[in-house]
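Reviewing the structure listed below.
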Amino acid sequence: MALLLCGLLGLLPAVAVAGPGAEVTPLGDLPQRWAADGWSLLTAPADWRQSQWQAVGLIAAGSLGLYLLDDEIAEKVQANRSGFSDSVSDFAKNFGEPWLLVAGGGGLYLTGRLRDDAYLAETGLLSLESYLLTGVAVLGLKHLGRRHRPNSGDDSDHWDGPGLSDRGGSGEPDGFSFPSGHAAGSFAVASVLVARYPESRWLPWTAYGLAGLTAFSRLNDNEHWASDVAVGAVLGLTVGKGICLLAEKRRIVLRLVPLLEPDAAGLSLVGRF
């Protein structure tokens, strides 16, 4: 796992295109920026166009369809579970673990700093931000619904509703099934990497492939329902892409500066992209 992580860290700079205006956010400014970005994402629906609401409607309809099929899907996945699928799951679930995602983002930041690559360092910070904001949303939804996991022995329609603690008498956290934190986290980081390096051919396949396997592991291990995984993946994708859009807007700076010439005077519009 460590070798694979180092390989990814080493290959990313090779496809980096820093571009003009690439800067690294000072670490002291991160709390304020992350809070501002979180608020921007939370209030973004107020400015959505009709096409965006239609997309949300389609996603909601698909998630509802999966919810109605959750029990059937879980039964089929467990009926076809094998030693091979367990091996794949044991490998893939690591890519949804907090320690690896945080280490990956921190590794990108440090590698960018060491190589004097501001764009790569900022990518590391954005991946950490995406994971953090996604995690906050996931935690809130888990406590809002407190849905029972499939390995609890209950059907998919068992929800305890809003609360801070797990369901009574449970020795395991099987009352926090919705949504999948592993799926959300892996897609949150993968979407940032793909958005920041669009010219790379292999990165979408690698990043989304590993995130997809992570999502599969939650079904194979009977830790989550299919709708948990789907909603988690969409949530991570949405936050990751939104964070990158906000970062791109910050890179575009326009300002007016005085223009003084021997035969003219006025204002000049200066842009940084």
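The shown structure was predicted, so the numbers you read here are calculated from the model rather than taken from an experiment.
- Val24 is listed as a side-chain neighbour of Tyr109, based on a closest heavy-atom distance under 4.5 Å.
- In the hydrophobic clustering, where aliphatic and aromatic side chains (Ile, Leu, Val, Met, Phe, Trp, Tyr) are joined below 4.5 Å either directly or transitively, Leu139 stands alone.
- One distance of note links OG1 of Thr25 with CD of Glu23; it measures 8.5 Å at 0.5 Å rounding.
- Taking all atoms of both residues into account, the shortest heavy-atom contact from Leu126 to Arg250 is CD2-NH2, 4.3 Å.
- Residues in residues 213-238 take part in no ring pair (Phe, Tyr, Trp, His ring centres under 6.0 Å) pair, two or more places apart or across chains.
- Taking each heavy atom of Leu41 and Leu133 in turn, the nearest pair found is CD1-CD1, 4.3 Å.
- In terms of hydrophobic clustering, with Ile, Leu, Val, Met, Phe, Trp and Tyr side chains grouped at heavy-atom distances under 4.5 Å, Leu132 and Leu141 are assigned to different clusters.
- Residues Arg196 and Tyr119 have side chains in contact (heavy-atom distance under 4.5 Å, counting atoms from C-beta outward).
- Val234 and Val189 are not part of a single hydrophobic cluster, where members link through side-chain heavy atoms under 4.5 Å apart.
- For residues 124-134, the pairs satisfying salt bridge (Lys or Arg N to Asp or Glu O under 4.0 Å) are Arg33-Glu129, with sequence neighbours left out.
- Looking at residues two or more places apart in sequence or on another chain, you find a salt bridge (Lys or Arg N to Asp or Glu O under 4.0 Å) between Lys93 and Asp90.
- Remark: Asp70 engages Arg147, Ser227 in a side chain to side chain donor-acceptor pair (under 3.5 Å) (not counting sequence neighbours).
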Carefully, step by step, assess Phe187 and Phe95 under the rule ring pair (Phe, Tyr, Trp, His ring centres under 6.0 Å).
-> CA-CA 10 Å; Phe187 275 95; Phe95 292 96; over 10 Å; no
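- Closest approach of Thr134 and Ala184 over heavy atoms only: CG2-CB, 3.6 Å.
- Cluster annotation: Tyr197 is connected to Trp202 through the hydrophobic network of ILVMFWY side chains, with a link wherever side-chain heavy atoms come within less than 4.5 Å.
- Using modelled atom types and a 3.5 Å distance limit, the side chains of Asp155 and His148 yield no donor-acceptor pair.
- In this view, Arg113 satisfies the salt bridge (Lys or Arg N to Asp or Glu O under 4.0 Å) rule with no residue, not counting sequence neighbours.
- Within a 6.0 Å radius of CG in Asp116, other residues, nucleotides and ligands contribute 12 heavy atoms or fewer.
- The two atoms that bring Leu101 and Tyr131 nearest to each other are CD1-CE1, 3.4 Å, heavy atoms only.
- Taken together through direct or relayed side-chain contacts under 4.5 Å among Ile, Leu, Val, Met, Phe, Trp and Tyr, Leu144 and Phe176 form parts of separate hydrophobic clusters.
- Separation of atoms CG (Leu108) and OG1 (Thr123) is listed at 7.0 Å; rounding is to 0.5 Å.
- Annotation for Val192 and Ser130: closest pair CG2-CB, 3.6 Å, computed over non-hydrogen atoms.
- Side-chain contact between Leu210 and Trp205: absent, with no pair of heavy atoms (C-beta onward) separated by less than 4.5 Å.
- For the pairing with Ser177, the side chain to side chain donor-acceptor pair (under 3.5 Å) check across Asp154, Asp228, Asn151 returns one residue only, Asp228.
- In the hydrophobic clustering (ILVMFWY side chains linked at under 4.5 Å, chained through shared members), Leu114 stands by itself.
- Cluster annotation: Leu125 and Leu110 are assigned to the same hydrophobic cluster (Ile/Leu/Val/Met/Phe/Trp/Tyr, side-chain heavy-atom contacts under 4.5 Å, transitive).
- With contacts defined as side-chain heavy-atom distances shorter than 4.5 Å, the pair Thr238/Leu235 does not qualify.
- Lys241 contributes no side-chain N or O that, together with a main-chain N or O of Ser191, makes up a donor-acceptor pair within less than 3.5 Å.
- Residue Trp39 shares its hydrophobic cluster (ILVMFWY side chains chained together at separations under 4.5 Å) with Leu42.
- Scored by the side-chain contact (heavy atoms from CB on, under 4.5 Å) test, Asp47 finds no partners at all (sequence neighbours excluded).
- In terms of modelled atom types and a separation under 3.5 Å, the side chain of Glu223 and the main chain of Arg149 share no donor-acceptor contact.
- Judged as a side chain to side chain donor-acceptor pair (under 3.5 Å), and not counting sequence neighbours, the contacts of Glu97 are His182.
- Formation of a donor-acceptor pair under 3.5 Å by the Ser186 side chain with backbone atoms of Ala183 is found in this model.
- For the residue pair Pro204 and Val194, the shortest heavy atom distance occurs at CA-CG2, 3.8 Å.
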For residues 78-87, run the donor-acceptor check on the side chains, cut-off 3.5 Å, and write out each pair with its distance to 0.1 Å, sequence neighbours left out.
| from | atom 1 | to | atom 2 | distance (Å) |
| --- | --- | --- | --- | --- |
| Gln78 | OE1 | Arg81 | NH1 | 3.2 |
| Gln78 | NE2 | Leu219 | O | 3.0 |
| Gln78 | NE2 | Asn220 | O | 3.1 |
| Asn80 | ND2 | Lys76 | O | 2.7 |
| Arg81 | NE | Asp86 | OD1 | 2.7 |
| Arg81 | NE | Asn220 | O | 3.3 |
| Arg81 | NH1 | Asn220 | O | 3.1 |
| Arg81 | NH2 | Asp86 | OD1 | 3.4 |
| Ser82 | OG | Phe84 | N | 3.4 |
| Ser82 | OG | Ser85 | N | 3.2 |
| Ser85 | OG | Ser82 | N | 2.9 |
| Ser85 | OG | Ser82 | O | 2.9 |
| Ser85 | OG | Asn220 | OD1 | 2.8 |
| Asp86 | OD1 | Asn220 | ND2 | 2.9 |
| Ser87 | OG | Gly83 | O | 3.0 |

Pairs under 3.5 angstrom only: tabulate donor-acceptor contacts from the side chains of residues 48-67 to other protein residues two or more places apart or in another chain.
| from | atom 1 | to | atom 2 | distance (Å) |
| --- | --- | --- | --- | --- |
| Gln52 | OE1 | Arg49 | N | 2.7 |
| Ser63 | OG | Ile59 | O | 3.0 |
| Tyr67 | OH | Trp159 | NE1 | 3.2 |

